[in-house]
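Count residues from 1 along the sequence.
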Amino acid sequence: MGFSVSWGFRSVLDEQTSEDFFDRFISMIESRGLCCAGGYSAEGGDCFIARLGRGTVTPEDHSAVVAWLKGAHPVVSVDAGALVDNWHD
């Protein structure tokens, strides 16, 4: 199981602020044993979250990622999909 998530920033970020945000995001998802595939820019990002190695993203992981994004400066919008079977969908 995994899920898609996208987010937007309050305004276009400078390069350093954008890199700092993405580093914090990656650290948070890796701390939960997750990984992401997708992209980001100075305006926001869009990725698919999955479990690193074998296993599945849990509802608790989904909630934690969404809550982190909603509380992260300078994110102003978050859109997360439901958990889906990332091997067969």
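W68 is not listed as a side-chain neighbour of V75, based on a closest heavy-atom distance of 4.5 Å or more. Put simply, the side chain of T56 does not reach to within 4.5 Å of the side chain of R51, judged on heavy atoms.
Residues R24 and H73 share a closest heavy-atom pair of NH2-O, 3.2 Å. Between G2 and N86 the shortest heavy-atom distance is N-OD1, 3.5 Å. Shown here for H62 and G81, the closest heavy-atom pair between the two residues is NE2-O, 2.8 Å. L83 and T58 make their closest contact through CD1-C, 4.0 Å (heavy atoms, listed as atom of the first residue, atom of the second, distance). For the pair V65 and M28, the tightest heavy-atom approach, listed with the atom from each and the gap, is CA-CE, 3.5 Å. Closest non-hydrogen pair, A82 versus F3, comes out as O-CB, 3.6 Å.
Once rounded to the nearest 0.5 Å, the distance linking CD of E19 with CG of D23 reads 7.0 Å.
In this structure a side-chain-to-backbone donor-acceptor pair under 3.5 Å is present from S63 to P59.
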*Does the side-chain contact (heavy atoms from CB on, under 4.5 Å) test come out yes or no for V5 and I49, once each step is laid out?*
CA-CA 7 Å; V5 64; I49 305 289; 4.0 Å; yes
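Residues D14 and T17 have side chains that bring a donor and an acceptor to within less than 3.5 angstrom of each other.
Under the 4.5 Å side-chain heavy-atom criterion for ILVMFWY residues, a single connected hydrophobic cluster contains both V66 and I26. L52 is not connected to I29 by any chain of hydrophobic side-chain contacts under 4.5 Å among Ile, Leu, Val, Met, Phe, Trp and Tyr, and they are in different clusters.
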Solution key, residues 32-47 side-chain donor-acceptor pairs under 3.5 Å, sequence neighbours excluded:
residue: R32; atom: NE; partner: D61; partner atom: OD1; Å: 2.9
residue: R32; atom: NH2; partner: D61; partner atom: OD1; Å: 3.0
residue: S41; atom: OG; partner: E43; partner atom: N; Å: 3.1

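Between W7 and F22, the gap from one ring centroid to the other reaches at least 6.0 Å.
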